[in-house]
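Nothing here was measured: the structure is a model prediction, and the numbers come from that model. For the single chain, residues carry numbers from 1 onward in sequence order. Remember, it's 1-based here, ligands and their atoms both numbered in the order they're listed.
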Amino acid sequence: MLQRLKLLERLQNLARRPIFWIVTGLFTILLAAGVGSGIRSMQAPPPQPLDFNHQVHVGLGIQCLYCHPGAWRQAAAGLPTTAKCWGCHQQMANTKPAQQVLVAYAMAGESIPWVPVFIQPDFVYFNHRPHIAAGLNCENCHGEISRQTVAQPIPRQNMGWCLDCHRGRAAGDEQMLARLTDCATCHR
Ligand code: HEC
Ligand code: HEC
Ligand code: HEC
Ligand code: HEC
Ligand code: HEC
């Protein structure tokens, strides 16, 4: 009891000193920031018209570039058309609920309105081609898509993320460094 009272007294004394409030304030800010970044890093994938399972399809031996052929030729990787899905699925039973959604789109001759998972703002210029040409793999930027049952977004793929890799890649090459960090390279 006596010890508890003494502790209380010490706390009260401490609370009168500004340093106590400064430290408490900083702690609260850090805690809030931590919670915030926790929420961001747990960013959920957007709901899709139907869940496309990468793990199943890549597991069958289908190449990324079969469905995303733009990735090595042009800016956008592109998404497969309903006809491309149907090319295989018309020969299948399609008993799973997600497959029945595919059947409905294929019968209607409509494209599936996939929701973007990885997307940069309009004022950013990104092009897949130079990245694939430089020997990067899809996984370097998109994570282990081939093990995912729905494509998962990766948070914080911001300007710092692009620049960190560009600086690392251009290390020791002044000309390349200037080109890869020039504002106009990514903002045009
Ligand atoms: C090269 C052939 C091929 C292509 C192209 C293909 N699929 Fe499949 N898909 C399969 C096979 C094989 C299975 C596994 C058999 C099964 O589950 O019935 C499968 C399974 C599925 C499943 C069930 C997945 C699960 O979780 O079990 C869905 C949904 C599906 N495909 C949708 C699509 C959509 C949408 C497209 C186009 C974007 C597509 N498939 C393109 C061959 C293909
Ligand atoms: C059979 C076709 C198929 C294959 C093979 C395939 N994908 Fe996909 N991929 C899709 C479809 C359909 C979507 C759109 C649905 C979604 O985002 O979940 C998609 C979405 C994605 C996205 C997110 C696109 C966005 O909206 O931002 C990435 C990244 C991706 N795929 C990478 C890969 C990589 C890497 C591989 C190889 C390991 C691969 N894909 C193999 C069909 C395919
Ligand atoms: C250097 C990083 C990087 C690499 C490597 C990379 N991507 Fe991407 N990918 C991105 C970024 C950034 C976006 C968003 C682009 C935008 O919104 O303008 C994106 C978007 C996509 C999309 C959706 C939009 C589109 O472009 O059609 C798909 C699908 C995709 N990537 C597939 C792939 C595949 C498949 C590979 C490997 C062959 C690959 N990516 C390699 C960074 C990368
Ligand atoms: C994992 C590393 C990596 C990441 C992440 C990355 N890049 Fe790159 N980027 C490269 C490499 C490597 C090159 C090719 C450099 C060369 O050999 O010319 C390149 C080239 C480019 C080019 C072509 C430059 C030119 O003039 O030749 C553009 C544009 C570009 N990146 C934009 C972006 C943007 C925007 C992002 C972020 C959304 C990004 N990059 C993220 C590695 C990366
Ligand atoms: C390697 C690619 C790359 C280069 C080089 C680059 N940026 Fe960016 N920038 C981005 C990306 C990606 C975003 C969008 C994501 C974000 O907000 O971080 C962005 C966002 C921005 C924004 C908006 C920030 C916001 O909070 O909305 C401004 C302003 C900007 N950049 C200015 C510049 C200037 C000035 C330079 C040259 C000194 C530059 N950028 C060079 C990739 C780049």
**Item:** Worked check of side chain to side chain contact (heavy atoms under 4.5 Å, CB included) between Gln74 and Arg129
**Value:** CA-CA 5 Å; Gln74 59 201 45; Arg129 194 167 56 127; 5.9 Å; no
**Message:** At under 4.0 Å between heavy atoms, is it the side chain or the backbone of Ile119 that contacts ligand 3, or both, or neither?
**Reply:** both
**Message:** Does the residue Asn127 have a heavy-atom contact with ligand 4, meaning some pair of atoms that are separated by less than 4.0 Å?
**Reply:** no
**Request:** Would you mind listing which atoms of ligand 4 come within a distance below 4.0 Å of any non-hydrogen atom of Cys186?
**Result:** 32 (C), 35 (C)
**Request:** For the residue pair His166 and His131, categorise the inter-ring angle as parallel (less than 30°), tilted (30 to 60°) or perpendicular (more than 60°).
**Result:** parallel
**Item:** Closest protein heavy atom to atom 27 (O) of ligand 4, given as residue, atom name and distance to 0.1 Å
**Value:** Arg179 NH1, 2.8 Å
**Asked** Between Ile145 and ligand 2, is there a nitrogen or oxygen pair with a distance under 3.5 Å?
**Response** no
**Request:** Give the minimum heavy-atom separation between His57 and Asn53, together with the two atoms involved.
**Result:** ND1-O, 2.8 Å
**Item:** Heavy-atom pair of closest approach, residues Arg167 and Thr181
**Value:** CG-CG2, 4.1 Å
**Prompt:** Hey, which atoms in ligand 3 end up nearer than 4.0 Å to a heavy atom of His131?
**Reply:** 1 (C)
**Fill in**
One finds that the ligand 3 atoms under 4.0 Å from a non-hydrogen atom of Ala76 are 26 (O), 27 (O)
**Prompt:** When rounded to the nearest 0.5 angstrom, what distance separates OG1 in Thr81 from CD1 in Ile112?
**Reply:** 9.0 Å
**Complete:** Atoms of ligand 4 under 4.0 Å from any heavy atom of Pro130, numbered from 1 in the order shown, are 14 (C), 23 (C)
**Where atom 8 (Fe) of ligand 2 is the vertex, angle from His54 NE2 to His68 NE2 to 10°** = 180°
**Message:** To the nearest 0.5 Å, what is the distance between CD1 on Ile154 and CD1 on Ile145?
**Reply:** 7.0 Å
**Which of the ligand 4 atoms, numbered from 1, are nearer than 4.0 Å to a heavy atom of Arg169** = 12 (C)
**Complete:** Numbered in order shown, the ligand 3 atoms found under 4.0 Å of a heavy atom of Asn137 are 5 (C)
**Gln63 atom CD: more than 12 heavy-atom contacts under 6.0 Å** = no
**Prompt:** For ligand 2, which atoms have a heavy atom of Phe52 less than 4.0 angstrom away?
**Reply:** 1 (C), 2 (C), 3 (C), 7 (N), 10 (C), 11 (C), 12 (C), 42 (C), 43 (C)
**Asked** To the nearest 0.5 Å, what is the distance between CD1 (Ile62) and OG (Ser146)?
**Response** 12.5 Å
**Message:** What is the name of the N/O/S atom of His166 that is nearest to atom 8 (Fe) of ligand 4?
**Reply:** NE2
**Request:** Quick one: look at Pro45 and ligand 2, take heavy-atom pairs under 4.0 Å, and tell me if it's side chain, backbone, both or neither.
**Result:** neither
**Message:** Evaluate His128 for polar contact with ligand 3, using N/O atom pairs at a separation under 3.5 Å.
**Reply:** yes
**Message:** Just to confirm my output: which protein heavy-atom neighbour is closest to atom 35 (C) of ligand 4, and how far is it?
**Reply:** Tyr125 O, 3.4 Å
**Request:** Only heavy atoms count here, so choose which of Pro46, Cys67, Gly61 is nearest to atom 43 (C) of ligand 2.
**Result:** Cys67
**Over all atoms of both residues, closest heavy-atom pair of Gln48 and Asp51** = CB-OD1, 4.5 Å
**Heavy-atom nearest neighbour in the protein, as seen from atom 13 (C) of ligand 2, with distance rounded to 0.1 Å** = Leu79 CD2, 3.8 Å
**Asked** Which atoms from ligand 2 have a heavy atom of Trp114 less than 4.0 Å away?
**Response** 12 (C), 14 (C), 15 (C)
**Request:** Starting from atom 42 (C) of ligand 3, find the nearest protein heavy-atom neighbour and note its residue, name and distance.
**Result:** Phe126 CZ, 3.2 Å
**Message:** To check you understand the geometry: which heavy-atom pair defines the closest contact between Thr82 and Ser111, and what is its length?
**Reply:** OG1-CA, 3.3 Å
**Message:** Counting only heavy atoms, tell me which of Cys162, Gly135, Ala75 gets closest to atom 37 (C) of ligand 4.
**Reply:** Cys162
**Prompt:** Taking only heavy atoms of Pro116, which atoms of ligand 2 are found under 4.0 Å from at least one of them?
**Reply:** 26 (O)
**Prompt:** For ligand 3, which atoms have a heavy atom of Cys141 less than 4.0 angstrom away?
**Reply:** 1 (C), 2 (C), 3 (C), 4 (C), 5 (C), 42 (C), 43 (C)
**Request:** Starting from atom 29 (C) of ligand 4, locate the nearest protein heavy atom and write down its residue, its atom name and how far away it is, to 0.1 Å.
**Result:** Thr185 O, 3.3 Å
**Complete:** When every non-hydrogen atom of Trp86 is compared with those of Asn94, the smallest separation belongs to CZ3-ND2, 3.9 Å
**Within 6.0 Å of CH2 in Trp72, more than 12 heavy atoms from elsewhere** = no
**Complete:** For atom 26 (O) of ligand 2, the closest protein heavy atom turns out to be Val117 N, 2.9 Å
**Prompt:** Hey, looking at atom 36 (C) of ligand 3, which of Cys138, Gly78, Ala151 has the closest heavy atom?
**Reply:** Cys138
**Request:** Report, in ascending order of atom number, the atoms of ligand 4 lying under 4.0 Å from any heavy atom of Met176.
**Result:** 15 (C), 16 (C), 17 (O)
**Message:** Minimum distance, heavy atoms only, to atom 30 (C) of ligand 3: which one of Cys64, Pro69, Ala71, Ala77 is it?
**Reply:** Ala77
**Asked** Going from NE2 on His142 to CD on Gln148, what distance comes out if it is rounded to the nearest 0.5 angstrom?
**Response** 11.0 Å
**Message:** Contact between Pro80 and His68 at the side-chain level, heavy atoms closer than 4.5 Å - yes or no?
**Reply:** yes
**Complete:** For atom 16 (C) of ligand 2, the closest protein heavy atom turns out to be Gln48 NE2, 3.8 Å
**Prompt:** Please state which protein non-hydrogen atom is closest to atom 14 (C) of ligand 3 and give its distance, to 0.1 Å?
**Reply:** Phe118 O, 3.7 Å
**Fill in**
Note: Leu102 and Cys85 closest approach over all heavy atoms is CD1-CB, 3.7 Å
**Request:** Please confirm whether Val150 comes under 4.0 Å of ligand 2, counting heavy atoms of the residue only.
**Result:** no
**Prompt:** For atom 33 (C) of ligand 3, which candidate among Gln120, Gln63, His142, Glu139 provides the closest heavy atom?
**Reply:** His142
**Item:** Cluster overlap Phe126 with Phe118, hydrophobic side-chain contacts below 4.5 Å
**Value:** no
**Fill in**
The answer for which part of Val124 has a heavy atom under 4.0 Å from ligand 3 is neither
**Asked** Would you call Tyr66 a ligand 2 contact, heavy-atom distance under 4.0 Å?
**Response** no
**Request:** Note the single closest protein heavy atom to atom 3 (C) of ligand 4, along with its residue, its atom name and the distance in Å.
**Result:** Cys165 SG, 2.7 Å
**Prompt:** For the atom pair CG (Leu50) and CD (Gln100), what is the distance rounded to the nearest 0.5 Å?
**Reply:** 11.5 Å
**Prompt:** Roughly how far apart are Asp164 CG and Met159 CE, rounded to 0.5 Å?
**Reply:** 11.0 Å
**Prompt:** Looking at Ile62, which atoms of ligand 2 are within less than 4.0 Å of one of its heavy atoms?
**Reply:** 5 (C)
**Request:** Answer yes if a protein heavy atom lies under 4.0 Å from atom 24 (C) of ligand 3, otherwise answer no.
**Result:** no
